[in-house]
Amino acid sequence: MAQAIKQKKPITKPSARQALVRKTPNWPLFGLALIGMALSAYLTYSAWEGSKVAGCPVGGGCEVVLNSRWSSLFGMPTSLWGFLTYAALATIAWNKRADSQWKFAWVISLFGLFYSIYLTSVAFIALQATCPYCLSSLTLMTVIFVTVTLQRPANLPRFSWGPWLAKSVGSGIVIVLALHLYYAGFWGDAPRPEDPWVQGLAEHLTRSSAKFYGSYWCPHCAEQKEMFGGSVKRLPYVECSPGGPSAPQAAECNAKNVQSYPTWIINGERYVGTQSLEALAEASKYSSKGATP
């Protein structure tokens with residue numbers, strides 16, 4: 001009886017789709033993104049709390065940059081947008097599809113690099129100042145962009161550098177130019193730089209335990225905040241209506257018997273309605289040289 005000839009199974013190569021599936025997350029990208037998240041989260045927290053940033057002396061270049069009109073974008077700290085960018089990169093690092101992961105990470109890191117270069121250029125040219133935190137973010141974003149570029153899958157389907165660069169680089173330049181026009185006041189409501197006297201008044205009100213009670217939907221409160229411009233983040237503001245006009249008032253506002261917005265309590269005295277900066281300075285005993293005795 002003839003022995004059966006064993007046939008070898010043909011060796012099949014993985015499909016292009018299977019070859020582009022990652023078995024592990026992109027750890028280098030994830031680790032770098034986490035560092036960026038920590039850096040930008042600290043700056044965002046400091047901006048919201050109105051606290052001094054470590055290593056930024058009063059009147060130094062770092063404080064000039066972090067208090068300039070470029071320190072916020074669309075009413076939020078610029079560092080918050082940086083945090084969201086780094087968070088997006090950290091999330092993308094877990095995408096198992098190497099092709100889509102690379103494309104998303106490359107585009108986002110490219111825009112982050114362009115925006116960081118723009119902000120750094122503004123600091124050097126317009127503000128004539130430097131900020132170690134901003135330079136650190138620029139360096140980190142550069143490292144991320146170079147890392148992602150070197151990670152491009154070799155078998156990326158239907159990819160050509162020419163059309164890819166034309167679309168992504170062109171789009172990035174257009175977006176940065178649009179943001180520059182926003183900061184220049186050509187569209188939107190660009191943030192204004194802080195006036196030293198107004199900044200000092202806001203900080204003095206906070207130090208003197210004054211309180212500004214208001215609500216986000218109150219037009220007179222918005223008018224009062226507008227008077228402080230870029231220094232509004234330094235005000236001792238208390239939100240009395242976090243749940244909206246029909247929701248119960250916050251407990252702190254009830255305890256102070258706040259019945260209309262805005263209401264100021266300064267040195268034990270109550271001031272109802274929108275107050276001029278001069279009136280607030282007089283009530284809190286503040287002058288151009290600081291608090292008066």
Checking L113 against L138 for the side chain to side chain contact (heavy atoms under 4.5 Å, CB included) test, could you report, in this order, the C-alpha distance in whole Å, the side-chain angles of both residues, the deciding distance, and whether it holds? CA-CA 7 Å; L113 178 60; L138 171 61; 4.0 Å; yes
Give a yes-or-no answer on whether the side chains of Y86 and S137 include a donor-acceptor pair shorter than 3.5 Å. yes
Any side-chain to backbone donor/acceptor pair from T206 onto R234? Under 3.5 Å, distance only. yes
Do L29 and T147 come close enough that some side-chain heavy atom pair is under 4.5 Å? no
For N267 and S208, test the side chains for any donor-to-acceptor distance below 3.5 angstrom and give the result as yes or no. no
Any side-chain heavy atom of V107 sitting closer than 4.5 Å to one from W164? yes
Between C62 and C131, is the SG-SG gap under 2.5 Å? no
Any idea which heavy atoms bring S116 and M141 closest together, and the distance? OG-CB, 4.3 Å
Distance-only side-chain donor-acceptor flag, H180 / Y118, under 3.5 Å: yes
Distance-only donor-acceptor check, side chains Y271 and E269, under 3.5 Å: no
Kindly say whether the aromatic ring centers of W70 and Y182 come within a distance under 6.0 Å. no
Let's go through M76 and W48 carefully: what are the C-alpha distance in whole Å and the side-chain angles of both, what is the deciding distance for side chain to side chain contact (heavy atoms under 4.5 Å, CB included) to 0.1 Å, and is it a yes or a no? CA-CA 9 Å; M76 304 298 290; W48 277 341; 3.7 Å; yes
Under 3.5 Å: donor-acceptor pair, side chain of Q101, backbone of A93: yes
Side chain of W264, backbone of L280: donor and acceptor closer than 3.5 Å? no
Does NZ or CZ of K256 lie under 6.0 Å from the centre of the six-membered ring of Y213, at an angle within 45° of the ring axis? no
Could you tell me whether F159 and W161 have their ring centroids closer than 6.0 angstrom? yes
Side chains of S168 and W106: is there a donor and an acceptor less than 3.5 Å apart? no
Indicate the atoms forming the closest heavy-atom contact of V176 with Y115, along with that distance. CG2-N, 4.2 Å
Regarding S241 and S215, is there a side-chain donor-to-acceptor distance under 3.5 Å anywhere? no
Restricting to non-hydrogen atoms, name the atom on L73 and the atom on T78 that form the minimum distance, rounded to 0.1 Å. N-OG1, 3.9 Å
